[in-house]
Peer 1: 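Let me begin by handing over the structure; questions about it come next.
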Amino acid sequence: MIPVTPVDHPDVTDWLEPLFAFTHADAQQLIADFHTEMHHGLSGKNSSLKMLPTFIGRPSGKETGRFLAMDLGGTNLRVIAVKLDGKGQAQVGDTSRFVIPVEIMQGAGDRLFDFLARCVQTFFSLHDFDPQRRYDLAFTFSFPVDQRAIASGSLIEWTKGFTASDVVGKDVVALLAAALHDRGVKNVRVCALANDTTGALMARAYGDANCDMGVILGTGSNACYPETRLDRLSGMSAVAVDEMIINMEWGNFDKLTPTEFDRMLDRDSPNPGRQWLEKMVSGMYLGELVRLVIVAMIDRGSLLTPGDQRFFTNPYSLTSAHLAQPDAMAGFGLEHIKPTDAQAIARIAELVFNRAARIAGTAIAAVVTWMDSELSRSHTIAVDGSLFEKYPGFRRQMLAIIDELYPERADHIQLKLTSDGSGTGAAIIAAVAAGQSHR
Ligand code: GLC
């Protein structure tokens with residue numbers, strides 16, 4: 001995201017700037033609505049925030065052991081070996097990455113799980129693992145899951161473009177275990193189920209006692225935090241813990257006001273009516289929103305030429321990665337456009353990304369003030385994902401809205417890039433789980 005100077009284009013200034021503005025008043029409204037929805041979600045009432053219990057609390061930093069982690073949640077799959085030293089440090093060892101073909105993401109569920117099992121086999125053969133030794137594997141499955149125990153949970157619904165059949169409602173740990181068994185991989189036990197947000201929180205909290213939130217700003221967007229007022233968790237009081245990390249699934253928050261472009265994107269998405277916040281905030285959708293605005297402006301005759309329409313006909317062809325480049329349109333195949341058009345497009349991208357960052361920053365503020373209404377202590381927020389990592393302007397805008405909201409206490413919210421959540425974090429979850437089962 002390249003900061004641009006103000007653009008002298010009537011459609012941009014009079015129509016799009018107000019349309020994509022996320023004001024101080026909008027932010028305060030979001031915080032109030034988040035608190036209501038969080039309360040409803042925790043108490044089992046109807047809510048767009050699912051507030052899913054994860055059956056785990058934060059680590060002590062003393063957890064030890066060697067684990068495998070499998071990370072499924074975007075277009076890549078990773079298998080990782082991790083060693084925890086018990087002193088707040090983790091060592092990530094052998095790692096294999098696999099691209100998940102679209103026909104696997106969107107095909108039959110048993111093929112998806114067979115693909116996962118084959119990736120574990122390939123990992124073993126690539127890195128010379130001992131087939132006789134037993135390994136514990138933590139499964140980072142970054143979708144909404146109705147968890148029943150640390151190593152059991154059923155998929156509520158797919159997000160982020162996944163649609164594999166016959167998985168919704170099934171226990172994904174059992175599906176992975178069965179697929180490994182069918183492939184003859186008998187020495188791996190799937191011992192924990194994690195979300196990428198909990199992975200990020202655990203990875204940071206292992207060495208930082210102030211860390212109390214995990215946030216993902218990547219292909220999708222979501223957050224988790226430790227809930228200490230367990231009386232708020234309907235039916236959870238029977239679990240003997242003093243805190244439980246809650247996977248909020250904030251991507252589904254639906255109290256923001258969508259623009260006509262948000263509605264168009266939603267209508268043609270694989271999950272219409274769902275994941276409203278995610279569709280306004282996360283990397284999978286921001287390029288598409290910009291494409292829809294560009295198409296509308298070409299139609300109105302106020303941008304590029306009618307002949308340029310053909311560059312913008314394919315949904316999702318314009319990506320966040322394109323827009324991160326200094327000359328986004330050249331990278332997209334449109335060379336030699338007028339400087340005023342290039343400026344207008346850069347400004348449109350900036351409006352869409354800034355709105356996303358301000359919503360994300362405000363949502364973080366909402367969760368932090370839920371835990372600590374006066375912002376009286378320091379909170380480290382473990383943040384992972386390409387938007388946060390690769391677009392410096394994104395972090396700046398998140399911090400700017402936090403500062404606008406809490407000018408006196410904004411430095412009590414520290415955003416820390418935490419890239420190793422799905423490896424290290426998942427391993428820590430496995431280790432905490434092992435500790436829990438011995439108690
Ligand atoms: C989607 C998933 C959620 C995940 C997030 C980030 O919102 O539903 O579980 O944490 O993407 O990957």
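Computed from a predicted structure; not experimentally measured. Ligands are counted one by one from 1 in listed order, and the atoms in each one are counted from 1 as well.
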Peer 1: Counting each atom of ligand 1 from 1 as listed, which ones have a heavy atom of Pro144 under 4.0 Å away?
Peer 2: 8 (O), 9 (O)
Peer 1: Enumerate donor-acceptor pairs with a distance under 3.5 Å from any side-chain N or O in residues 203-212 to protein atoms, sequence neighbours excluded.
Peer 2:
{"unit_1": "Arg204", "atom_1": "NE", "unit_2": "Thr418", "atom_2": "OG1", "d": "3.1"}
{"unit_1": "Arg204", "atom_1": "NH2", "unit_2": "Leu417", "atom_2": "O", "d": "2.8"}
{"unit_1": "Arg204", "atom_1": "NH2", "unit_2": "Thr418", "atom_2": "OG1", "d": "3.3"}
{"unit_1": "Tyr206", "atom_1": "OH", "unit_2": "Glu63", "atom_2": "O", "d": "2.6"}
{"unit_1": "Tyr206", "atom_1": "OH", "unit_2": "Gly86", "atom_2": "N", "d": "3.1"}
{"unit_1": "Asp208", "atom_1": "OD1", "unit_2": "Asn210", "atom_2": "N", "d": "2.8"}
{"unit_1": "Asp208", "atom_1": "OD2", "unit_2": "Thr380", "atom_2": "OG1", "d": "2.9"}
{"unit_1": "Asp212", "atom_1": "OD1", "unit_2": "His379", "atom_2": "ND1", "d": "3.3"}
{"unit_1": "Asp212", "atom_1": "OD2", "unit_2": "His379", "atom_2": "ND1", "d": "2.7"}

Peer 1: State the atoms of ligand 1, each with its element, that fall below the 4.0 Å cut-off from a heavy-atom position in Glu278.
Peer 2: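 Reading through ligand 1 atom by atom, the close ones are 1 (C), 7 (O), 11 (O).
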Peer 1: Inspect the contact between Glu103 and Arg111 and indicate whether a charged nitrogen and a carboxylate oxygen are less than 4.0 angstrom apart.
Peer 2: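 Salt bridge absent between Arg111 and Glu103.
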Peer 1: Sequence neighbours excluded, which residues qualify as side chain to side chain donor-acceptor pair (under 3.5 Å) partners of Gln106?
Peer 2: none
Peer 1: Assess Ser142 for proximity to ligand 1: is some non-hydrogen atom of it under 4.0 Å away?
Peer 2: yes
Peer 1: Does Gly220 come within less than 4.0 angstrom of ligand 1, counting non-hydrogen atoms of the residue?
Peer 2: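 Per 4.0 Å heavy-atom rule, Gly220 contacts ligand 1.
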Peer 1: Can you tell whether the side chains of Arg263 and Glu260 come within less than 4.0 Å, N to carboxylate O?
Peer 2: no
Peer 1: Yes or no: does Gly73 have any heavy atom under 4.0 Å from an atom of ligand 1?
Peer 2: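 No, Gly73 has no heavy atoms under 4.0 Å from ligand 1.
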Peer 1: What do you reckon, does Asn247 have a nitrogen or oxygen under 3.5 Å from a nitrogen or oxygen of ligand 1?
Peer 2: no
Peer 1: So which atom in Ser152 and which in Leu193 form the shortest heavy-atom distance, rounded to 0.1 Å?
Peer 2: C-CD2, 4.0 Å
Peer 1: With the threshold set at 4.0 Å, does a side-chain nitrogen-carboxylate oxygen contact exist between Asp71 and Arg78?
Peer 2: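 Yes, Asp71 and Arg78 are salt-bridged.
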Peer 1: For Gln275, take its heavy atoms, then give the atoms of ligand 1 lying under 4.0 Å from any of them.
Peer 2: 7 (O)
